[in-house]
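Hydrogens, waters and symmetry mates are skipped; everything else that's a heavy atom, side chains included, is used.
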Amino acid sequence: MQRIRSIVFTVFTMLVAGATFLFAASVGLAIAGIVAVLMLGSMLAAKLQPAPVRASARNDRRAPGEREPRIWNDGRGTIIDL
């Protein structure tokens, strides 16, 4: 009787351990999938951002010896560096 009880407890423990492992593995795969989708979405969103456009001022308005002002658009607005 003791031997049968020991075998039943061993089989039951192995089943519980296997079910726990399968649950942990499925949760891990789900988290990895969610992170992968978020990373791909972030990468695609970064590629779809407009690139900054370099603009230049006309040279006929500058005084002699004055450097050219830097003007550019960073996607959020125009920046003028005099």
Side-chain angles (χ1 to χ4, degrees):
M1 187 67 175
Q2 183 71 18
R3 192 175 212 179
I4 295 173
R5 185 182 306 156
S6 176
I7 292 171
V8 169
F9 281 150
T10 303
V11 170
F12 179 72
T13 304
M14 289 175 66
L15 287 174
V16 169
T20 304
F21 175 77
L22 286 176
F23 176 74
S26 64
V27 169
L29 284 176
I31 290 174
I34 291 170
V35 168
V37 168
L38 289 175
M39 287 175 60
L40 286 173
S42 175
M43 185 177 66
L44 289 176
K47 282 190 175 186
L48 294 177
Q49 291 287 345
V53 177
R54 173 97 165 99
S56 60
R58 294 193 324 214
N59 289 337
D60 59 349
R61 294 186 185 179
R62 287 189 330 187
E66 184 181 347
R67 71 177 184 92
E68 178 182 346
R70 296 181 300 161
I71 303 169
W72 69 93
N73 188 341
D74 66 352
R76 294 177 286 181
T78 301
I79 300 172
I80 302 172
D81 182 14
L82 300 175

Give a yes or no on this: more than 12 heavy atoms of other residues, nucleotides or ligands lie within 6.0 Å of atom CE of Met43.
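Counting neighbours around CE of Met43, more than 12 heavy atoms of other residues, nucleotides or ligands fall under 6.0 Å, so yes.
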Count the heavy atoms belonging to other residues, nucleotides or ligands that lie under 6.0 Å from CD1 of Ile4, then report whether that count exceeds 12.
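At most 12 heavy atoms, drawn from other residues, nucleotides or ligands, come within 6.0 Å of this atom.
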Which ILVMFWY residues are connected to [X], directly or by a chain of links, through side-chain heavy atoms under 4.5 Å apart?
X     : result
Ile7  : Val11, Leu15
Phe23 : Val27, Ile31, Val35, Met39
Phe12 : Val16

With sequence neighbours left out, write down each residue that passes side chain to side chain contact (heavy atoms under 4.5 Å, CB included) with Thr78, or none if nothing qualifies.
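For Thr78 the side chain to side chain contact (heavy atoms under 4.5 Å, CB included) partners, ignoring immediate neighbours, are Ile71, Asn73, Ile80.
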Could you tell me which residues satisfy side chain to side chain contact (heavy atoms under 4.5 Å, CB included) with Ser42, sequence neighbours excluded, listed by chain and number?
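Partners of Ser42 by the side chain to side chain contact (heavy atoms under 4.5 Å, CB included) criterion come out as none, since no residue qualifies.
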Sidechain-backbone polar pair: Ser6 side chain, Gln2 backbone, donor-acceptor under 3.5 Å:
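Checking the backbone N and O of Gln2 against the side chain of Ser6, no donor-acceptor pair under 3.5 Å is found.
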